[in-house]
Amino acid sequence: MKLYISRIVLGIFLLSAQFIVAQNLSKNQFKVKGNCEMCKERIESTAKKAGAKEARYSINSQTLTLETDSNVSTDDILKKIAEGGHDNEKFKSTDAAYEALPGCCHYERDVQASSAENHDHHSKKENEFYVKGNCESCKARIEKAAKDAGADSAEWNAEKQTVILDFDPSKTSADKILKKIADVGHDNEKYKSKDNTYKNLPSCCLYDREIPFGKANPKVHFEEGEKTEHSDHNDHNSSDENNEKHIEGVTVTGSKAATSLNKKEAGLVFNIDRKELLKAACCNLSESFETNATVDVSFSNAVTGTKQLKMLGLDQKYTSLTKELLPEIRGLASAYGLNFIPGRWIESIQLTKGGSTVTNGYESITGQINTEFLKNAEKPETSLNLFADFNGRAEANITSVSSIDKKWSQTFLLHGNGTFGNTDMNDDGFLDRPKGTQINAAYLLNYNDLEKSGFGSHFGINFIKDERTAGQVGFNKNTDQKEQSLYGGGIDISRFQVWNKTGYVFKGKPYQSLGWMNQYTFHQQDSFFGLRNYSGKQHTYYSNLIFESILGNTNHKYKAGASFMYDGYDETYLINNFKRNEIVPGIFAEYTLTGLKYTLVAGARADFHNLAGTQFTPRLNFKYDFTPQTILRLSAGRGFRTANVFAESQQYFASNRNIQILQNGGNIYGLKPEIAWNYGASLQQEFKIFGRKSTIVADFFRTDFQDQVLADLDRSPQQLTFYNLEGKSFANSFQTQWDFTPFKNFDVRLAYKYYDVQADYLDGRREIPFMAKHRGFVNLAYSTNKNNNGGFWSFDTTLNWVGKQRLPNTSSNPEEFQLPTYSESYAVLNAQISRNFNKKIRAYLGGENLTSYYQKNAIVDFKNPFGNYFDGGMVYAPIMKANLYVGLDVTF
């Protein structure tokens, strides 16, 4: 507490000092065009190099705030920014500079800026000479050659493409130094390098020899973006408004487009921004993918109200779900964890299809979904969100982000929700969703001194209390189930987390860093489903240490590190108690090779699991750019996990199925761990249609299980049997997605998915139940132009078409309690209209399942919930008809 108070006092002192200094500064705000975090880094760095004391660019508002000395011209700064490719309110970039930007930086040039003047890249100083180069390796080589030729000091600037020399004329000369620089491969204004010397440079250093001296080098912008991240695609770096420099696992960067696929990343990684999340209700993480075609969201269980994600045709448990790159929704949180991350807390989501990086653990099989919380803002900002639907659900969110001083910032996050209405749209006497409340609070503290000391740190703490009541309308949770005839269920969850991520970037080596992540989680659930009870406690400690550097130059990067995971489980089902401790130390290494047209990321880890034995996990990602618009990606990798059969199957607890485990000598419930290989290929093609950029992505993934814990629902409608796979189990997934913009402000996303998911059960090979082979997806989004107050309208609609699904075998039930072999296909339509009155106030109205299609037999034998045939787990479609909602966002 004393330390915290002292930081506040220090912050007040520093802010006072800033105020005094600010008297000699002028502060101005200008409109500048940009698209993503690479744009932000480029604009801010250009402004500072052109003389700005401070430069802060907001991608959302498309504004650049400058602080300059009175003798520095803002026109000169804006001119430099235009030369770098970014139109602004005073100068327009040349077409060549704009086209030279990376594809993700191509903003819409509909707003005409004043014509830019043609001029040299900059005015040179004495002893400043043009020298061509691209990256940090070039800089080190040029400066070393200059010093070898007798210079006392040499400073090469990548953006200006110049070197400033300091030397004693009696000992050497500029000619001699520049000759030496040419000898090592770098053309300059006096000497040209030999062709063989130039060609032997690393690929990242192969500058364009045709660009005239004094003109911008387009490759510099791309390399600077890489330097800021100094990390490959697998870090799943999301973005924040301040675009803080990256330390492995500490701070993150990513695209600010609503949803984007970064062309430079070797893996198939989608960055989902807050703008995408605002297109739908998005009350929690399970509702964050309604406008995303990659993730399938199952519909709420008729009794427990749980939703599950599916990716590549497999259940959520095979996808690594992380928060701030730390393990999050796993273990006992598997069933309800998606409800514990409020949508308004989310800054961005990184979704990886296929094998993810080995640096983030061994559990990823079908991919990774990483969520980043709100952490930074250009200025102190507090937001209030109020939400209510027309069936008794309401929630409130308060988020507050503020700076303590130049280095410290903090975030307060508060969420509360309640479901109070007795919703029973199909008149079966059961609530369509549980009633109850949730309180969720988090505090984040961030330290950023990467520019000076190289240190950065992030601290977080989170507490959740969630209480739900389910079952028949009128059930009293406060009365014991045995003392009342109505069927009921209760789920009470308490959860506490504390975490820290600290990193260090080595001085003078922006490519070299050290990061250390730690997290402790306590999770407790007490629940009952009719006459059966389930409770559990989980203690988890996770630690991950990562070192990142290069081998010779930035074409060859590597990471190495060690991790530790401890899981302590204590579960009780009926009268049976299951305890186990999983202790997993691990080591890993990853190598990234970057060429002119390709990127290869190869990694492996070894984990020494006390119950599952030593596990070796290799993973590989490869990207090849046939052209800047045509990109091929290949991936392959192995993953393993231990199955939590009770926690992961709670949707079937609301039934009278007896649970049976067929043990085979394993150490987790008598079962062996799950092990699978995943292989993938994707082709990304960009082209222009209607005069605007369009993207088609087609991908195919196959998952082959070496071992798997099968949940067999077919042996008997009165039984749920768990056992290890004997034979084959596989999932084939094909998806094609087309994103295009027919006209300004109107975005279209079309997708088709095909799944073939089968397994060898004890009585033969069958399709996995509740998995449609065919799915279709349409998302339309339109917004009006902003008015002078920043107000505009937005219209969003999403149509999901789901083909028929195999249902579990119920043929031994009486005829009236039998389900068909396959469900019917159906479509679900969601839509939302929102109005931003200005930058501070937004209101929205939306509807879910506007087609009102619902599953009429969601609960088998609902009239006799204590009978042999009662089953509330056979859900394959919505169980609620159309549901309308309203919401309000206010920013202070």
Side-chain angles (χ1 to χ4, degrees), residues 96 100 102 121 124 127-165 167 171-227 230 232 264 266 508-512 549-558 591-602 622-628:
H121 194 48
K124 292 195 300 175
N127 288 338
E128 185 176 7
F129 304 91
Y130 289 118
V131 177
K132 289 191 175 183
N134 282 345
C135 61
E136 285 294 306
S137 293
C138 297
K139 179 179 174 68
R141 187 181 305 109
I142 292 166
E143 293 175 355
K144 181 178 185 300
K147 292 174 183 177
D148 289 345
D152 295 325
S153 67
E155 180 68 29
W156 183 74
N157 184 289
E159 184 176 357
K160 293 181 179 180
Q161 295 282 283
T162 62
V163 64
I164 297 177
L165 301 175
F167 59 90
K171 297 180 180 178
T172 188
S173 66
D175 277 6
K176 182 178 178 181
I177 296 171
L178 292 173
K179 178 67 168 61
K180 182 68 173 179
I181 290 173
D183 288 344
V184 298
H186 291 274
D187 295 350
N188 54 71
E189 64 183 67
K190 292 197 174 185
Y191 297 96
K192 184 175 182 180
S193 176
K194 295 179 181 178
D195 289 345
N196 287 340
T197 306
Y198 166 80
K199 291 177 182 178
N200 286 330
L201 292 175
S203 59
C204 66
C205 300
L206 295 177
Y207 50 87
D208 189 338
R209 307 186 84 179
E210 303 302 319
I211 297 176
F213 289 113
K215 297 299 181 183
N217 177 358
K219 287 188 177 181
V220 167
H221 302 297
F222 180 82
E223 293 298 333
E224 285 184 347
E226 279 202 329
K227 181 181 72 174
H230 61 81
D232 62 77
K264 76 174 185 176
K509 298 180 179 180
Y511 49 79
Q512 186 166 296
S549 190
I550 63 173
L551 297 170
N553 58 61
T554 53
N555 279 0
H556 306 272
K557 302 176 184 177
Y558 73 91
Y591 167 70
T592 301
L593 172 64
T594 305
L596 278 175
K597 289 192 172 185
Y598 64 86
T599 302
L600 173 69
V601 182
F622 177 77
K623 176 178 73 78
Y624 186 82
D625 299 358
F626 291 102
T627 70

Query raised in the report: Listed by chain and number, what are the side-chain hydrogen bond (donor to acceptor under 3.5 Å, both in side chains) partners of D175, not counting sequence neighbours?
Result: K190

Report task. Using side-chain hydrogen bond (donor to acceptor under 3.5 Å, both in side chains) as the criterion, list what pairs up with K179, not counting sequence neighbours. Result -> D183

**Report entry** Test: D195 and R209 ion pair at under 4.0 Å
**Finding:** yes

**Report entry** Pairs touching residues 171-194 that satisfy ring-ring contact (aromatic ring centres under 6.0 Å, His included), sequence neighbours left out
**Finding:** H186-Y207

Shortest non-hydrogen contact between [X] and [Y], atoms and distance:
| X | Y | answer |
| --- | --- | --- |
| C205 | S137 | SG-CB, 3.7 Å |
| R141 | P202 | NH2-CD, 3.5 Å |
| N134 | W156 | N-CH2, 3.8 Å |

Query - Check: F213 main-chain N/O paired with Q161 side-chain donor or acceptor under 3.5 Å - result: no

Query - Residue K139 excluded, over 12 heavy atoms near NZ under 6.0 Å - result: yes

Query raised in the report: What do the steps show when you test Y511 against N553 for side-chain contact (heavy atoms from CB on, under 4.5 Å), and what is the final call?
Result: CA-CA 9 Å; Y511 49 79; N553 58 61; over 6 Å; no

Query raised in the report: Step by step, would you call D187 with Y198 a side-chain contact (heavy atoms from CB on, under 4.5 Å)?
Result: CA-CA 9 Å; D187 295 350; Y198 166 80; 5.6 Å; no

**Report entry** Gap between atom CD of E143 and atom CD1 of I164 - 0.5 Å precision
**Finding:** 10.5 Å

Requested in this report: Rounded to the nearest 0.5 Å, what's the gap from OG1 on T592 to CD1 on I550? Could you check?
Outcome: 12.5 Å

Requested in this report: Tell me, with the steps shown, if K132 and N188 meet side-chain contact (heavy atoms from CB on, under 4.5 Å).
Outcome: CA-CA 6 Å; K132 289 191 175 183; N188 54 71; over 6 Å; no

Report task. Could you label the plane-to-plane angle of the Y624 and F622 rings as parallel, tilted or perpendicular, counting under 30° as parallel and over 60° as perpendicular? Result -> parallel

Query raised in the report: Are side-chain heavy atoms of V184 and I142 found at a separation under 4.5 Å?
Result: no

